[in-house]
Trainee: 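The following block contains the structure, expressed as structure tokens.
Reminder, nothing fancy here: chain letters follow the sequence lines and each chain counts from 1. All figures in this text were calculated on a predicted structure; none of them were measured in a lab.
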Amino acid sequence: MSATKYNPTEIEDKWYQYWMEHKFFASKPDKNKEPYTIVIPPPNVTGQLHMGHMLNNTIQDVLIRRARMQGKEACWVPGTDHASIATEAKVVNLLKEKGIKKSDLTREEFMKHAWEWKEKYGGIILQQLKKLGASCDWDRERFTMEEDLSAAVIEVFVDLYKKGYIYRGIRMVNWDPEGKTALADDEVIFKEVPSKLYHIKYRVEGGNDYLVIATTRPETIMADAAICINPNDSRFEHLKGKRAIIPIINKSIPIIEDDYVDMEFGTGCLKVTPAHDINDYEIGLRHNLPVIDIINDDGTLNEKAQILVGEDRFIARKKIAKMFKEDGILEKEEEYTSNVGHSERTNAVIEPKLSLQWFVKMEELVKPAYENVMNDTIQLIPPKFKNTYKHWMENVRDWCISRQLWWGQRIPAYYLPNGDFVVAKSEEEALELAKEKMSDSTLTSKDLKQEDDVLDTWFSSWLWPMSVFDGFKDPDNEDFNYYYPTNDLVTGPDILFFWVARMIIAGYEFKGKKPFNNVYLTGIVRDTQGRKMSKQLGNSPDPLDLIKNHGADGVRTGLLLSSAAGNDLLFDIKLCEQGWNFGNKIWNAFRLIKGWEITDTETPEASVKAQKWFEARLNQSLVEIEDHFSKFRISDALMTVYKLIWDDYCSLYLELVKPPYGDPIDQKSYDATITFFEELMKILHPFMPFLTEELWQQIQSRSPKEALIIAQWPEAKSFDEQIVLQAQVAFDLISQIRNIRASKGISPKEALKLYVKTDEQIVYEKYSAFIYKLANLETIIFTSEKIDNAVSFLIKSDECFIPMEGAIDVEKEKAEVTKDLEYTKGFLNSVVKKLSNERFVNNAPEQVIAMEKKKQSDAEAKIKTLEERLESLK
RNA sequence: GGGGAUAUAGCUCAGUUGGUUUAGAGCACCUGCCUUACAAGCAGGGGGUCGUAGGUUCGAAUCCUACUAUCCCCA
């Protein structure tokens, strides 16, 4: 016999390999089958599997495995994105270790290193997904920087440019002086840093007055374009319309008025430095101030600063502070904690910097994407995200798509000798355009200089659902026509705008069709304290360790059990243990069944009825499960399966058909038990693929065509609800008897007598075999009299007695009955109140009134029984 | 500063367009059991004035308003 404890590691790799060998994950268009398609949210090629991926990919795998079993042509496309900033940073670091500086390399040389890095270290995450059981079609793996996908990106850029959606413009970017690149907002980490607030005196022009400004960045005073005060600030009436002198460089600047200035903060006088602060830049725009950029790309001061030229910004800060002190213009230094942005990659302090960038105009493009989510052509699950989506789309801002990097698709814009530019797919086409534009046929490719910047990685991934099926390279190909639009997208709400919305925009703009029907937004996996998992906190468990310790099935189940769509999941290792426990439970149930010897004896009544009952329960559960799946309630679907297996199959069904120890089981019961078990394995397979396939194959040897992964998903058949309801009466009775055993300390081995006082004997007779077996009864006797010296309890309004000499504590019994009586009276009271309300009777639907009346009569009957009981106890 | 979301048992959450309900599940907890599938198990049990205050309604956890708290996004 197999081990009493389920050991996942022994079987998981075996079955994954088996599925791969027999190409069960592979998909190709099949006109006779309905396609079911998911494209993976491409993880960062440098990434490692984290808990978010685990959750997200488990959900995708559940959906795809179920669809496959439903006979659909299930296709899950895997792949990675090239993550320009992250990858470039990794490559730069690796080169640094080898003693090579990026600046010493040509673009081509650098790209060669980068590709080498990608081939060697990239995409580990996809290998890790295999451990989780992800049934992706690995032959279809794509990468956003591969040739075909890059060609799509360039094509789209040229197309948008021609349509007038792409332009160049000035923008304040998050500049990383170490990485020498602009960063996206989400690549900037804000940290609280202790710093100083310097109070500096500026002389007011034409007198001996001075004003005081407070700044954390004194090294930027040379770039000041104005001093700004709040127009409502009465303290500074005398400054209005005057000018101030920047100390040290003695430059005169205007004093302006703007509401932006916070009268409470600092001194109420703000130095305005448009080139080096986003808010100041906006004030500058309002007041037509000059932009004086005094900081180089590497963070040193340039000649426009006039002083300290060539010094690093932080050294300059110290030096200038010293100069203030010497000149007596430093009024005071204050300790201050400021929130400073740091580069996620290099940890350098971010320098706000104005630069010329490429943008996509969004206002027009967004329209179909906005409408089709609002009218549910594309459904967001849960729908609460429609609000967020709406807000974003209504306030959409132009998309900055250029990045000052090499790893990515180089922008296909070519500058002409006169500074103008042309946009074209290739250098050859660009040259033709240039000749035309300049009216100069003597131009050669040497006269053109291609833009150095590359495109934002999102500018690749917004095409993902189309480009993975070669929808640009070969727009009318079989795959694209068959698989697109895809069915479901599973991702996190944090990239609803960055990625999801942009894919929808691209889908409509380039193909006139939505990219997917449904977007399932998962929650964020947090630790037990509700904190986001991060490397810094070290609060994230290693997913591969979890799989090693609890099995992929255990981890999958644990993650799904408590993660409703859109809700954050507080991850606790206990969840994985619960998942494993469930697997172990099933493992042991199977051991029990497999251990039975079989004879051709007659089937006991309890077993005959148990089979009928479980079949009904199974079908009832299938209906519930289908309903949950149709609403993307994956967690609820799993919980329904969990309870069906644990409570109904193991705790009730198996106990009902189980022969006495050592006895064999009859053939019919055995067959039914195995058939039910097989159905359960099918339903559970999408959630726990490994364990279910293992047991499926242990039931009997099967050919690859009979593998569970491609078995047919069970369909709910019609069933008799009465069976479930009537059996429930027996189960309630069993619980009550077990309760009495527990409270009176009676061993389960001691057979008991049960008396039932009822008008409906049939209800108890029908499933009496269940009661005999599970409650261990000697006999059931129907009576019209009360039984003395017995413990009693109620099933609805029927009184049941178990004779028990001297075991009755009258006072305790009385207290219990009184409590129950009071509750029921209160309940009756609320019902009667409702029914005596004329407006209720007139307005409420008939069904509701009938229900209330039933509640009333049930409660009245119960009260009568309880009162009699109380009387007899006196 | 602007916007959004959430608030139900110790924890995590259901409660499906207001009516089977003086509220359900899983986990945790308590009690008793090593009953020959499983002690990572079995059987039983306790536990919530549905964030606060108003309002609409015959009827509110559910709809409306205000407040409080927490989280997220944008600046």
Trainee: Residues two or more places apart in sequence or in another chain: which of them pass side-chain hydrogen bond (donor to acceptor under 3.5 Å, both in side chains) with A:Gln736?
Mentor: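 For A:Gln736 there are no side-chain hydrogen bond (donor to acceptor under 3.5 Å, both in side chains) partners, ignoring immediate neighbours.
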Trainee: Pull out every residue in residues 545-555 of chain A that has a heavy atom closer than 4.0 Å to any atom of RNA chain B, ordered by number, or say none.
Mentor: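 Going residue by residue through residues 545-555 of chain A, none turns out to have a heavy atom under 4.0 Å of RNA chain B.
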Trainee: Where the side chain of A:Lys5 is concerned, which of B:A40, B:A37, B:A5 is the nearest nucleotide?
Mentor: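 The listed nucleotide nearest to A:Lys5's side chain is B:A40.
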Trainee: Please give the distance between the C1' atoms of B:G51 and B:C30 as a whole number of Å.
Mentor: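 Here B:G51 and B:C30 have their C1' atoms 29 Å from each other.
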Trainee: Checking A:Tyr772 against A:Glu778: is there a side-chain donor and acceptor pair closer than 3.5 Å?
Mentor: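 No donor-acceptor contact under 3.5 Å links the two side chains.
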Trainee: Give the rounded distance in Å between these two atoms: CG of A:Asp647 and P of B:C27.
Mentor: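 Roughly 9 Å, once rounded to whole Å.
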Trainee: Taking B:A69 as the reference, what is the distance to B:A75 when you measure between their C1' atoms (whole Å, please)?
Mentor: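 Those two atoms are separated by 24 Å.
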Trainee: Are any of A:Tyr389's side-chain N or O atoms less than 4.0 Å away from OP1 or OP2 of B:G3?
Mentor: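 Answer is no, no contact under 4.0 Å.
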Trainee: What residues form a ring-ring contact (aromatic ring centres under 6.0 Å, His included) with A:Tyr642, not counting sequence neighbours?
Mentor: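 Checked A:Tyr642 against ring-ring contact (aromatic ring centres under 6.0 Å, His included); matches are A:Phe582, A:Trp646.
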Trainee: Is A:Ser747 touching bases, backbone alone, or none of the nucleic acid, heavy atoms closer than 4.0 Å?
Mentor: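 No contact at all - A:Ser747 keeps every heavy atom at 4.0 Å or more from the nucleic acid.
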Trainee: Between B:G4, B:C58, B:G26, which one does the side chain of A:Phe840 approach most closely?
Mentor: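 Closest nucleotide among those given: B:C58.
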Trainee: What residues in residues 729-742 of chain A put a non-hydrogen atom under 4.0 Å from any atom of RNA chain B?
Mentor: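 Listed by number, they are A:Ser735, A:Arg738, A:Asn739.
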Trainee: Please confirm whether the shortest side-chain N or O distance from A:Trp646 to OP1 or OP2 of B:C42 is below 4.0 Å.
Mentor: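 Checking A:Trp646 against B:C42: at least one side-chain N or O falls below 4.0 Å of OP1 or OP2.
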Trainee: From the set B:U20, B:U35, B:C38, return the single nucleotide nearest to any side-chain atom of A:Asn584.
Mentor: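 Taking heavy atoms from C-beta onward, the closest nucleotide is B:C38.
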Trainee: May I ask you to verify if any side-chain N or O of A:Asn395 is less than 4.0 angstrom from the OP1 or OP2 atom of B:G3?
Mentor: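 So the side chain of A:Asn395 is outside the cut-off, no N or O lying under 4.0 Å from OP1 or OP2 of B:G3.
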Trainee: For A:Lys386, give me all partners under salt bridge (Lys or Arg N to Asp or Glu O under 4.0 Å), at least two apart in sequence or on another chain.
Mentor: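 Partners of A:Lys386 by the salt bridge (Lys or Arg N to Asp or Glu O under 4.0 Å) criterion, ordered by chain and then number, come out as A:Asp376.
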Trainee: Give A:Trp392 one of three labels, base, sugar-phosphate or nothing, depending on what nucleic acid heavy atoms sit under 4.0 Å from its own.
Mentor: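 A:Trp392: backbone/sugar contact only, no base atoms under 4.0 Å.
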Trainee: At 4.0 Å (heavy atoms only), tell me whether A:Tyr642 reaches a base, stays on the sugar-phosphate, or touches nothing.
Mentor: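 Sugar-phosphate, backbone atoms only, no base.
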Trainee: Checking A:Asn581 now: which residues fulfil side-chain hydrogen bond (donor to acceptor under 3.5 Å, both in side chains) with it, not counting sequence neighbours?
Mentor: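 Residues passing side-chain hydrogen bond (donor to acceptor under 3.5 Å, both in side chains) with A:Asn581: none at all.
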Trainee: For A:Asp277, check side chain to side chain contact (heavy atoms under 4.5 Å, CB included) against everything at least two apart and list the hits.
Mentor: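 Result, side chain to side chain contact (heavy atoms under 4.5 Å, CB included) vs A:Asp277: A:Asn279, A:Asp280.
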Trainee: Reckon A:Lys574 has a side-chain N or O less than 4.0 Å from the OP1 or OP2 of B:U12?
Mentor: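 No, because none of the side-chain N or O atoms of A:Lys574 sits under 4.0 Å from OP1 or OP2 of B:U12.
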Trainee: Taking atom types as they are modelled, is there a donor-acceptor pair under 3.5 Å from the base of B:A28 to the side chain of A:Gln578?
Mentor: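 Check fails, no donor-acceptor contact within cut-off.
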Trainee: Angle class for the A:Trp458/A:Phe498 ring planes (parallel below 30°, perpendicular above 60°, tilted otherwise)?
Mentor: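 Rings of A:Trp458 and A:Phe498: parallel, under 30°.
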Trainee: Just checking A:Glu394: base, sugar-phosphate only, or nothing, at a heavy-atom cut-off of under 4.0 Å?
Mentor: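 The answer is nothing, as A:Glu394 stays clear of every strand by at least 4.0 Å.
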Trainee: Given B:A37, is OP1 or OP2 found less than 4.0 Å from the side-chain N or O atoms of A:Lys658?
Mentor: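 Yes, because at least one side-chain N or O of A:Lys658 sits under 4.0 Å from OP1 or OP2 of B:A37.
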Trainee: Taking all non-hydrogen atoms of both residues into account, name the closest pair between A:Ala775 and A:Arg741 and its distance.
Mentor: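 That closest heavy-atom pairing would be O-NH2, 2.7 Å.
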Trainee: I want to check one thing: is the phosphate of B:U21, taken as OP1 and OP2, less than 4.0 Å away from some side-chain N or O of A:Lys855?
Mentor: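 Yes.
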Trainee: Ignoring the backbone of A:Asp636, work out which of B:A14, B:A37, B:G4 is nearest its side chain.
Mentor: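 Output: B:A14.
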Trainee: Donor-acceptor pair, distance only, cut-off 3.5 Å: does the side chain of A:Trp580 make one with the backbone of A:Tyr6?
Mentor: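 Checked: pair present.
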Trainee: Which residues pass the side chain to side chain contact (heavy atoms under 4.5 Å, CB included) test with A:Ala727, not counting sequence neighbours?
Mentor: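 With neighbours one apart ignored, the set is A:Trp613, A:Phe731, A:Tyr767, A:Phe770.
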Trainee: Could you work out, with side-chain hydrogen bond (donor to acceptor under 3.5 Å, both in side chains) as the rule, every residue matching A:Asp671, not counting sequence neighbours?
Mentor: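 With sequence neighbours excluded, A:Asp671 shows a side-chain hydrogen bond (donor to acceptor under 3.5 Å, both in side chains) to A:Gln667, given in chain and number order.
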Trainee: Counting only side-chain heavy atoms from C-beta out, which of B:G41, B:G15, B:C38 sits nearest to A:Asn581?
Mentor: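 Looking only at side-chain atoms, A:Asn581 lies closest to B:G41.
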Trainee: When you compare B:A23 with B:G48, how far apart are their P atoms, in angstrom units rounded to a whole number?
Mentor: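 Each nucleotide's P atom is 10 Å from the other's.
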Trainee: For A:Glu257, which residues count as a salt bridge (Lys or Arg N to Asp or Glu O under 4.0 Å) partner, sequence neighbours excluded?
Mentor: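 Here the qualifying residues are A:Lys240.
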Trainee: For the P atoms, the ones on B:G15 and on B:A61, what distance do you get once it is rounded to whole angstrom?
Mentor: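 Approximately 16 Å lies between the P atom of B:G15 and that of B:A61.
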Trainee: Starting at atom CG of A:Asp663, determine the distance to atom P of B:U35, rounded to an integer number of angstrom.
Mentor: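 Distance check: A:Asp663 CG to B:U35 P gives 19 Å.
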Trainee: Under the salt bridge (Lys or Arg N to Asp or Glu O under 4.0 Å) test, which residues partner A:Glu282, sequence neighbours left out?
Mentor: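 If we apply the salt bridge (Lys or Arg N to Asp or Glu O under 4.0 Å) test to A:Glu282, skipping adjacent residues, there are no hits.
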Trainee: Run through RNA chain B and report every stem of 3 or more consecutive Watson-Crick or G-U pairs, distances under 3.5 Å, ordered by first number.
Mentor: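 As far as RNA chain B goes, consecutive pairing (with distances under 3.5 Å) yields the stems B:1-7 with B:68-74, B:10-13 with B:24-27, B:29-33 with B:41-45, B:51-55 with B:63-67.
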Trainee: Looking at the side chain of A:Trp580, which of B:A40, B:G3, B:U20 is the nearest nucleotide?
Mentor: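 The listed nucleotide nearest to A:Trp580's side chain is B:A40.
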Trainee: Applying a 4.0 Å non-hydrogen cut-off, can you work out what A:Lys643 is touching in the nucleic acid: base, sugar-phosphate, or nothing?
Mentor: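 Contact class for A:Lys643: sugar-phosphate only.
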Trainee: Could you tell me whether the phosphate oxygens of B:A75, OP1 or OP2, come under 4.0 Å of any side-chain nitrogen or oxygen in A:Arg397?
Mentor: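 Answer yes for this pair, as a side-chain N or O of A:Arg397 is under 4.0 Å from OP1 or OP2.
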Trainee: Using the C1' atom in both, what is the distance from B:A7 to B:U52, to the nearest Å?
Mentor: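 B:A7 and B:U52 have their C1' atoms separated by 11 Å.
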